[in-house]
Amino acid sequence: MKAISKLKNMASSASLSLSRPFSIATFGSRYVSAGSFSLLDEFTNFCYQRDLPRAMKAMDAIQRHGIWADSITYSELIKCCLARGALKEGKLVHNHVFSNGHRPNTFLTNILLNMYVRFSLLDEARALFDQMPERNVVTWTTMISAYSNAKLNDKALEFLIQMLREGVMPNMFTYSSVLRACNGLSNLRQLHSSILKVGLESDVFVRSALIDIYSKLGELHDAQGVFNEMVTGDLVVWNSIIGGFAQNTDGDEALYLYKSMKRAGFPPDQSTLTSVLRACTGLALLELGRQVHVHVLKFDRDLILNNALLDMYCKCGGLEDANYVFTRMLEKDVISWSTMIAGLAQNGFSREALNLFQSMKESGVKPNYITILGVLFACSHAGLVEDGWYYFQSMKKLFGIDPGREHYGCIIDLLGRAGKLDQAIKLIQEMDCEADAVTWRTLLGACRVHRKVDLAIHAAKQVLKLDPEDAGTYILLSNIYANSQRWDDVAEVRMTMKARGIRKEPGCSWIEVNKKIHAFILGDSSHPQIDEINRQLNQLIHRLMGLGYVPDTNFVLQDLEGEQREDSLRYHSEKLAIIYGMMTLSREKTIRIRKNIRICGDCHIFAKLISKMEQRTVVIRDPIRYHHFQNGLCSCGDYW
DNA sequence: CTAGGGTTAG
């Protein structure tokens, strides 16, 4: 410290800039006259002043005299080029320091190398790397980091191996870069054990990189293990684990960790809030999402965060809030537009979705693969066969996007709704991409609605071939057979299920009341108010039956999955959740429910009748679509 | 001179 303050005093008394180095130049072999010395002085000054145009001119002058400045000066100049995106000038500096057989040291070459990496010129970087006579850990790390950022994972790993072979020891920088390049678990476990061996696991960068890659590979258990070992925390480490759970659809754990993080004294930042919103989205927690919104206001310029907020409102059925956020966003990108378009379409506002698509095009934002999906989804929901077909046919020509499996799925849905099953099956045969389980399930849905038994059996078999774990399809297939009195086939399906150990998931519905989540599971009566709920449910069913409601126990071809317990039809979890919502939420409030499996035909009718009789809005989100029940009608148009 | 975390569909 003393030395520094001494230097400062010297500098101010001599009115020199501190950043100016005392040693000015490394001289070439040639004689340097007093005139060229001042040229060099000038060059150095311009570099430190970050005056790029003058520095470049001065560099030209010293080059003509065959002299070079020191590495620090050039590194300042290159920083300046990087800050201004001046690639051309950067290349000139590169040529200059290599001119007339001069060779920069490893430090300066690393900086040049990094410059090419920052400009995403990996080939140039590689060429420079290849001609370096000496490569230190920074050299290797720069290349590895460049390759992992470019997703050239094999290259990154290959460089790590090469580096080790040449006896250069990786440091924490190296590990945190190369971890992102892990393609599989075996790579990762190997790297992890080397990290433990050299004791670098306590570095926060390495820790967060480990957590992140474990969770990207779906190994949340390992990610949490690494997290739990943490002694001194760091915001990014917290964000890594919270993001890991949020992205792996374990919203509960993400939210729990979010609370712990705040308790540990780390204020959330943009990244934290984005993950927390994603967790709310997955759990359909509109009220909690609204609370998070308050914190988002501090970061109103953050596009990613606002997109996450927008999506939360869309997915939680808060369309008005979504629209509010959307109109007020300072900046909108493809994701913002796509989110809003899909959100409108999924919630039954097809016309609005298509209008928004129009505005998007007018605003000059280019639609992408996902945008078109939302558009096609809107068309199929509104029964706009012509429009949907048009967009599908011309998406390549208009937007340069090749239709993928999901686009075909939308069109199959579109044709299916319109009852054009022959065309739908023809399309499946003509698809450029392989039909998958989702494709066939879409067709199966159409067969169910239009009661095409033979085609339904074919589609169901295809689904099960591609996804042998799909309990709902087994049930549906067995119901179809039962309905046609094909008892041998029924027995066979049941046997297959048993042999494969397929068990149907119990139906479960969640509703958020007073910031608490209430879960209703079929066959579970642990809710404290279950007796009252059942009493009111029975009363209501009685009243509905007086108005002509007939509990629909004939599931065949009406129920794609449902809760599959014919005898307890009246206790399906969504019915319990609706009643509970009616009991606890004031009349003008929307009853919002999330379900783990698809709604059955009977509950669908039940919800429609309630919406009319009680004049209440009910929104049920199942795993694949939204049902807005209002005044006796559902936004899905009775097709799902 | 080299390093870590977040958004749309499925």
Side-chain angles (χ1 to χ4, degrees), chain A residues 71-72 74-76 78-79 82 104-115 117-118 135-146 148-149 170-180 200 203-213 215-216 234-244 246-247 254 268-279 281 296 299 302-312 314-315 329 332-343 345-346 367-374 376-377 404-407 409-410 436-439 623-624:
Chain A
S71 307
I72 315 252
Y74 289 118
S75 79
E76 286 300 315
I78 292 168
K79 270 187 221 160
L82 270 171
N105 61 18
T106 309
F107 168 82
L108 180 54
T109 318
N110 282 341
I111 290 171
L112 281 167
L113 194 64
N114 183 243
M115 176 187 81
V117 170
R118 289 283 141 89
R135 300 169 187 133
N136 61 17
V137 59
V138 177
T139 319
W140 287 99
T141 303
T142 303
M143 290 308 289
I144 289 172
S145 145
S148 359
N149 281 335
N171 61 15
M172 55 270 251
F173 290 82
T174 324
Y175 281 118
S176 50
S177 300
V178 79
L179 278 169
R180 308 181 47 192
L200 284 174
D203 180 81
V204 284
F205 282 81
V206 174
R207 191 183 299 284
S208 56
L210 274 170
I211 293 171
D212 188 56
I213 189 68
S215 48
K216 292 229 158 74
D234 163 71
L235 179 61
V236 181
V237 179
W238 280 100
N239 286 345
S240 307
I241 192 71
I242 293 173
Q247 285 156 47
D269 73 351
Q270 295 96 309
S271 171
T272 325
L273 295 176
T274 305
S275 296
V276 169
L277 283 171
R278 181 162 172 160
T281 306
V296 172
F299 306 106
D302 193 303
L303 183 56
I304 296 180
L305 178 55
N306 274 289
N307 284 341
L309 181 68
L310 185 65
D311 191 43
M312 183 278 293
C314 287
K315 295 265 176 10
M329 277 172 73
K332 299 179 185 81
D333 66 357
V334 222
I335 297 186
S336 327
W337 288 96
S338 308
T339 303
M340 196 66 219
I341 289 169
Q346 286 166 337
N368 68 14
Y369 188 95
I370 295 165
T371 321
I372 307 299
L373 271 182
L376 294 181
F377 192 86
R405 205 178 276 142
E406 294 99 330
H407 298 104
C410 284
D436 67 353
V438 180
T439 316
I624 71 157

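Throughout, protein chains are lettered first and strands after them, A, B, ... in sequence-line order, and every chain is numbered starting at 1. Any value given below was found using the heavy atoms of this structure, including those in side chains, with hydrogens, waters and symmetry copies removed.
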Distance, rounded to the nearest Å, where A:Tyr369 contributes OH and B:dA9 contributes P: 13 Å
Touch class at under 4.0 angstrom, heavy-atom based, for A:Arg180 against every strand present: sugar-phosphate
Touch class at under 4.0 angstrom, heavy-atom based, for A:Thr274 against every strand present: base
Sugar-phosphate only, base, or nothing, as touched by A:Val178 at under 4.0 Å among non-hydrogen atoms: nothing
Sugar-phosphate only, base, or nothing, as touched by A:Lys216 at under 4.0 Å among non-hydrogen atoms: sugar-phosphate
Rounded distance (Å) that lies between atom P of B:dG6 and atom CG of A:Asn307: 15 Å
Side-chain donor/acceptor of A:Asp436 to base of B:dG10, under 3.5 Å: no
Sugar-phosphate only, base, or nothing, as touched by A:Leu235 at under 4.0 Å among non-hydrogen atoms: base
Presence of A:Arg278 side-chain N/O under 4.0 Å of B:dT8 phosphate oxygens OP1/OP2: yes
Whole-Å distance separating the CG atom of A:Asp302 from the C1' atom of B:dG6: 8 Å
Selection from B:dT7, B:dC1, B:dT2 that lies nearest to any side-chain heavy atom of A:Ile111: B:dC1
A:Arg180 vs A:Asp212 side-chain heavy atoms within contact, under 4.5 Å: no
Residue A:Phe107, side-chain heavy atoms: nucleotide from B:dC1, B:dT2, B:dT8 that is nearest: B:dC1
Within-4.5 Å side-chain heavy-atom neighbours: A:Phe107 and A:Ser75: yes
Residue A:Val138, side-chain heavy atoms: nucleotide from B:dT7, B:dC1, B:dG10 that is nearest: B:dC1
Spatial distance of atom CG (A:Leu113) from atom OG1 (A:Thr106) [nearest 0.5 Å]: 11.0 Å
Residue-phosphate contact under 4.0 Å: A:Ser145 side-chain N/O, B:dA3 OP1/OP2: yes
Sugar-phosphate, base or nothing in reach of A:Ile370, heavy atoms under 4.0 Å: base
Gap between atoms CD and C1', on A:Gln247 and B:dT8 respectively (whole Å): 13 Å
Sugar-phosphate only, base, or nothing, as touched by A:Asp203 at under 4.0 Å among non-hydrogen atoms: base
Of the listed nucleotides B:dA9, B:dT8, B:dT2, the one nearest the side chain of A:Glu406: B:dA9
Candidates B:dT8, B:dG6, B:dA3 - which lies nearest the side chain of A:Gln270: B:dG6
Sugar-phosphate, base or nothing in reach of A:Val117, heavy atoms under 4.0 Å: nothing
Sugar-phosphate, base or nothing in reach of A:Ser275, heavy atoms under 4.0 Å: sugar-phosphate
Under-3.5 Å donor-acceptor pair between A:Ser176 side chain and B:dG4 base: no
Sugar-phosphate, base or nothing in reach of A:Arg207, heavy atoms under 4.0 Å: nothing
Sugar-phosphate only, base, or nothing, as touched by A:Arg135 at under 4.0 Å among non-hydrogen atoms: nothing
Check: A:Leu373 and A:Cys410 side chains under 4.5 Å, non-hydrogen atoms: yes
B:dG10 phosphate, OP1 or OP2, under 4.0 Å from A:Arg405 side-chain N/O: no
Sugar-phosphate, base or nothing in reach of A:Lys315, heavy atoms under 4.0 Å: sugar-phosphate
Atom-to-atom span, CG of A:Leu113 to P of B:dC1 - whole angstrom: 15 Å
Atom-pair distance (CG on A:Leu112; P on B:dC1), nearest Å: 14 Å
Sugar-phosphate only, base, or nothing, as touched by A:Leu305 at under 4.0 Å among non-hydrogen atoms: base
A:Thr272 vs A:Asp269 side-chain heavy atoms within contact, under 4.5 Å: yes
Proximity to the side chain of A:Ile304 - top-ranked nucleotide from B:dT8, B:dA9, B:dG6: B:dG6
Set of residues satisfying side chain to side chain contact (heavy atoms under 4.5 Å, CB included) with respect to A:Val117, sequence neighbours excluded: A:Ala125, A:Thr142, A:Ala146
Interatomic distance, A:Ile213 CD1 vs B:dG4 P [rounded to whole Å]: 12 Å
Separation of atom CE in A:Met115 from atom P in B:dT2, rounded to whole Å: 14 Å
Gap separating the CD1 atom of A:Ile213 from the OG atom of A:Ser240, nearest 0.5 angstrom: 11.5 Å
